[in-house]
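Read the structure below first, then the notes.
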Amino acid sequence: EAGVAQSPRYKIIEKRQSVAFWCNPISGHATLYWYQQILGQGPKLLIQFQNNGVVDDSQLPKDRFSAERLKGVDSTLKIQPAKLEDSAVYLCASSLELGQGAHGYTFGSGTRLTVV
Amino acid sequence: TQLLEQSPQFLSIQEGENLTVYCNSSSVFSSLQWYRQEPGEGPVLLVTVVTGGEVKKLKRLTFQFGDARKDSSLHITAAQPGDTGLYLCAGLSSGTYKYIFGTGTRLKVLA
């Protein structure tokens with residue numbers, strides 16, 4: 001089966017600019033996650049969708065970050081305006097259902113964002 | 001806030017050596033997973049453990065879930081350069097639907 005697709009792979013922007021990332025999960029996966037991974041650290045959950053509804057966005061900095069999952073398939077994550085500390089890899093993951101523990105998440109390759 | 005601390009943070013060993021990575025928390029988890037992440041890629045699931053005291057083996061990798069389900073270990077026998085990567089544990093708390101990732105252990109195996 002096709003994996004989780006993310007684009008772009010790399011993005012360099014200046015601080016205060018806007019940026020958007022796109023994710024296409026595995027077909028049929030109801031749950032979609034966006035993680036932020038700062039270099040050398042474990043991924044931190046930003047937002048979790050079940051179909052097109054938000055399950056958890058408690059760690060999302062809502063003053064600058066937004067995400068949507070229209071029609072319960074593709075998702076976009078936006079940062080506006082970006083700060084230097086937003087430099088990280090943004091990972092998208094999907095799973096068949098909520099808490100699909102035994103099968104784990106399938107991660108995309110991520111988008112590496114550098115804010116200068 | 002639940003935290004999963006991994007140790008060591010960095011590990012550089014020679015090919016053929018054995019190693020153990022630890023994942024510790026003060027919280028109880030209903031299940032725990034181990035992932036390996038290579039540069040430029042997303043994490044890939046290695047194993048899921050769900051029962052306290054459970055031991056799972058995957059070729060040269062042995063995973064153990066603590067009796068109290070608060071900690072886990074990953075043991076690699078006769079490490080190979082292909083084992084190089086970032087190893088992440090992730091715990092699922094009862095009643096939640098999200099895995100919390102650990103701080104990571106970066107392993108480098110030298111040929």
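Naming: A, B, ... by sequence-line order, numbering from 1 per chain.
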(message) Other residues, nucleotides and ligands only: do more than 12 of their heavy atoms fall within 6.0 Å of NZ on A:K71?
(response) no
(request) Could you state whether A:I13 and A:L77 fall into the same hydrophobic cluster, counting links through intermediate Ile, Leu, Val, Met, Phe, Trp or Tyr residues with side-chain heavy atoms under 4.5 angstrom apart? (result) yes
(request) Taking atom NZ of B:K108 as the centre, report whether more than 12 heavy atoms of other residues, nucleotides or ligands fall under 6.0 Å from it. (result) no
(message) When you measure from the side chain of B:Y99 to the backbone of A:L45, do you find a donor-acceptor pair of N or O atoms at a distance under 3.5 Å?
(response) no
(message) So which atom in B:P43 and which in A:L91 form the shortest heavy-atom distance, rounded to 0.1 Å?
(response) CD-CD1, 3.9 Å
(request) Of all the heavy-atom pairs spanning A:R9 and B:G40, show the shortest one and how long it is. (result) NH2-O, 2.6 Å
(message) Atom CD of residue position A:Q80 - does it have more than 12 heavy atoms of other residues, nucleotides or ligands inside 6.0 Å?
(response) no
(message) How close do A:P43 and B:L88 get, counting heavy atoms only, and between which atoms?
(response) CD-CD1, 3.8 Å
(message) Check for me, please, whether B:L61 and B:V50 land in the same ILVMFWY cluster - side-chain distances under 4.5 Å, paths through other members count.
(response) no
(message) Is A:Y35 in contact with chain B via its backbone, its side chain, both, or neither, using a 4.5 Å heavy-atom distance?
(response) side chain
(message) Restricting to non-hydrogen atoms, name the atom on A:S109 and the atom on B:E41 that form the minimum distance, rounded to 0.1 Å.
(response) OG-OE1, 2.9 Å
(message) If hydrophobic clusters are built from ILVMFWY residues whose side chains come within less than 4.5 Å, do B:V55 and B:V49 share one?
(response) no
(message) Counting only non-hydrogen atoms closer than 4.5 Å, does B:Q6 touch chain A with its backbone (N, CA, C, O), its side chain (CB onward), both, or neither?
(response) neither
(message) Can you confirm whether more than 12 heavy atoms, excluding those of A:K44, are under 6.0 Å from its NZ atom?
(response) yes
(request) Using non-hydrogen atoms and a 4.5 Å limit, figure out which bit of A:T111 sits close to chain B: side chain, backbone, both or neither. (result) neither
(request) Starting at CZ of B:F101, measure out to CD of A:Q37 and round the result to the nearest 0.5 Å. (result) 8.5 Å
